[in-house]
Amino acid sequence: MDQEDRIALFLDYENLALGARDHRGGADFDFRPIADALAERGRVVVRRAYADWSYFDEDRRMLTRSHVELIEIPQRMGASRKNAADIKMAVDAIELAFERDYISTFVICSGDSDFTPLVHKLRELNKRVIGVGVEGSTSALLPPACDEFLYYDRLEGLDIPPPRSQRARPTRQVGANQRPPEPEPEPEVDRRPAGEEPGRDVDTLAVLVAQTVAGLQGSANGEVTASRLKRTLLRKDPTFSESDYGFRTFGELLRHLAERTVVELAEGPAKGDPEVSLPEHGDREVAFGLLRGVVADLGSGGNPVALSGLKNQVRRARPDFSEKKLGYRSFLQFCKAAATAGVLDLRWSPEADDYLLTTQT
């Protein structure tokens with residue numbers, strides 16, 4: 001644990017929540033993708049959000065369940081209210097930087113360029129700074145000032161926003177045999193309320209482990225060891241225990257997943273602490289081929305195929321398909337990986353208000 005980054009999280013909540021709603025089709029703000037992204041980067045020891053909470057009653061409950069400390073900024077007039085929240089957040093961050101030497105990373109969740117001087121000062125104090133903001137409402141000045149910047153819209157675990165207007169949505173070009181798009185199925189990861197007995201399904205566990213390994217490989221420095229993976233799983237779900245799935249030790253669970261080609265194990269830096277990675281070939285190439293075949297069938301004649309509803313079509317061709325078992329947290333991420341591998345073309349279409357896929361010619 002001594003080698004882990006300690007993270008302090010500060011949310012300019014009004015900027016983040018209103019930006020998310022304005023630029024994501026009115027969708028509610030979801031804190032969980034931010035929490036998951038930070039869990040893969042270190043141990044979050046401080047979580048604070050700043051707002052006039054009388055305007056965010058439902059959000060307040062959601063954040064409280066995620067153990068975020070709510071800092072009340074009373075209602076004032078015009079810019080003075082905005083400045084009060086910004087100044088309070090900046091003062092608290094600088095105070096924490098001096099008083100808590102063990103905090104190595106500060107996360108500033110806001111797209112407001114007013115926080116650029118704060119970012120510069122934290123970096124001057126030898127702190128790593130990660131910014132988080134909504135893409136459509138983030139100032140161009142803020143991301144270059146940070147060590148790393150995460151756009152909220154691109155975080156794994158967020159669904160594609162619904163179309164802004166169904167009636168105004170242009171008609172898509174589809175193949176003659178293509179069925180109308182169907183709603184995306186509910187996420188496979190179970191989110192039952194606290195206190196409800198979860199199903200101890202090893203397939204669900206495989207999805208969770210693959211997702212976490214993929215996230216650590218994408219964001220962490222160095223190898224992903226079994227001990228590091230276990231700590232990250234516990235940060236995502238403090239109630240996690242391999243014994244709930246019938247395994248005596250975490251190593252036994254990893255060996256079981258390795259036999260199912262969910263992960264690969266290699267000798268690690270210490271005995272009994274193997275390195276964990278995702279398989280590079282095999283099932284992934286088979287899944288890419290499946291996706292390409294479905295897109296080719298639906299888009300016969302070279303017509304583009306919309307992402308919305310495509311996952312249902314893939315599952316009709318292969319009912320056991322799950323991008324999450326391959327380490328992808330969303331179907332969109334899986335399609336982007338296929339495009340990067342040269343299997344097909346993927347582009348965003350403002351006219352269709354959706355991603356469009358075509359097979360390589």
Original post:
Quick one: CD on Glu4 to OH on Tyr102, what's the gap to the nearest 0.5 Å?
Top reply: 14.0 Å

Original post:
For the atom pair CZ (Phe149) and CG (Leu142), what is the distance rounded to the nearest 0.5 Å?
Top reply: 5.0 Å

**OP:** Measure across Ser349 and Leu356 and return the closest heavy-atom pair with its distance rounded to 0.1 Å.
**Re:** CB-CD1, 3.6 Å

Original post:
Rounded to the nearest 0.5 Å, how far apart are CG of Leu257 and CG of Leu205?
Top reply: 5.5 Å

Original post:
With side chains defined as the heavy atoms from C-beta onward, is the minimum distance between Thr358 and Val295 less than 4.5 Å?
Top reply: no

Subject >> Residue pair Cys335 / Leu344: nearest heavy atoms and the distance that separates them >> reply: O-CD1, 4.2 Å

Subject >> Crowding at CG, Asp57 (>12 non-hydrogen neighbours, <6.0 Å) >> reply: yes

Please list every donor-acceptor pair under 3.5 Å in which a side-chain atom of residues 89-101 meets a protein atom from a residue at least two apart or in another chain.
{"from": "Asp92", "atom 1": "OD1", "to": "Lys88", "atom 2": "NZ", "distance (Å)": "3.4"}
{"from": "Asp92", "atom 1": "OD2", "to": "Tyr50", "atom 2": "OH", "distance (Å)": "2.7"}

**OP:** Look up atom NZ in Lys121 and atom OG1 in Thr116, then write down how far apart they are to the nearest 0.5 Å.
**Re:** 14.5 Å

**OP:** Establish, yes or no, whether a centroid distance under 6.0 Å links the rings of Phe31 and Phe29.
**Re:** no

Original post:
Can a salt bridge be assigned to the pair Arg255 and Glu252 using a cut-off of 4.0 Å between side-chain N and carboxylate O?
Top reply: no

**OP:** Go through the steps for Lys230 and Glu242 under the test side chain to side chain contact (heavy atoms under 4.5 Å, CB included), then give the verdict.
**Re:** CA-CA 10 Å; Lys230 177 69 176 290; Glu242 61 273 5; 3.2 Å; yes

**OP:** List the atom of Asp52, the atom of Pro74, and the distance in Å for their closest heavy-atom pair.
**Re:** OD2-C, 3.8 Å

Original post:
Hey, does the Lys NZ or Arg CZ of Lys127 hover above the aromatic six-ring of Phe106, less than 6.0 Å from the centre and inside 45° of the axis?
Top reply: no

Original post:
Just how far is it from atom CD of Glu135 to atom CG of Leu150, taken to the nearest 0.5 Å?
Top reply: 12.0 Å

Original post:
Does Ser227 offer a backbone N or O that forms a donor-acceptor pair with the side chain of Asp273 under 3.5 Å?
Top reply: yes

Original post:
Can you tell me how far CD of Glu323 sits from CG of Leu291, rounded to the nearest 0.5 angstrom?
Top reply: 10.5 Å

**OP:** Could you tell me whether Asp30 and Arg24 have a side-chain N and a carboxylate O separated by less than 4.0 Å?
**Re:** no

Original post:
Salt-bridged, Asp147 to Arg123, with N to O below 4.0 Å?
Top reply: yes

**OP:** Kindly assign one of parallel, tilted or perpendicular to the pair Tyr355 and Trp348, based on the angle between their ring planes and the thresholds 30° and 60°.
**Re:** perpendicular

Original post:
Do Arg235 side-chain atoms and Ala39 backbone N/O form a donor-acceptor pair below 3.5 Å?
Top reply: yes

Subject >> Student check: side-chain heavy atoms of Leu63 and Phe56 closer than 4.5 Å >> reply: no

Subject >> Glu148/Arg128 ion pair, N-O < 4.0 Å >> reply: yes

Original post:
What's the shortest heavy-atom distance between Tyr152 and Ala20, and which atoms?
Top reply: CE2-CB, 3.8 Å

**OP:** Would you please test Phe321 and Val294 for side chain to side chain contact (heavy atoms under 4.5 Å, CB included) and show each step?
**Re:** CA-CA 13 Å; Phe321 169 80; Val294 171; over 6 Å; no

Original post:
Side chain of Ser139, backbone of Leu141: donor and acceptor closer than 3.5 Å?
Top reply: yes

**OP:** Return yes if some donor-acceptor pair links the side-chain N/O of Arg41 with the main-chain N/O of Ile130 below 3.5 Å, else return no.
**Re:** no

Original post:
Taking all non-hydrogen atoms of both residues, which atom of Asp153 and which atom of Gly133 are closest, and how far apart?
Top reply: OD1-O, 4.1 Å

Subject >> Closest contact, heavy atoms only, Tyr13 versus Asp59 >> reply: OH-OD2, 2.6 Å

Original post:
Are any non-hydrogen side-chain atoms of Leu229 and Leu254 less than 4.5 angstrom apart?
Top reply: yes

Original post:
Please walk me through it: do Arg43 and Asp5 pass side chain to side chain contact (heavy atoms under 4.5 Å, CB included)?
Top reply: CA-CA 6 Å; Arg43 181 174 171 229; Asp5 283 341; over 6 Å; no

**OP:** Mind running side chain to side chain contact (heavy atoms under 4.5 Å, CB included) on Val107 and Ile34 for me, showing each step along the way?
**Re:** CA-CA 10 Å; Val107 180; Ile34 295 178; 5.7 Å; no

Subject >> Side chain proximity check, Leu265 to Val276, heavy atoms < 4.5 angstrom >> reply: yes

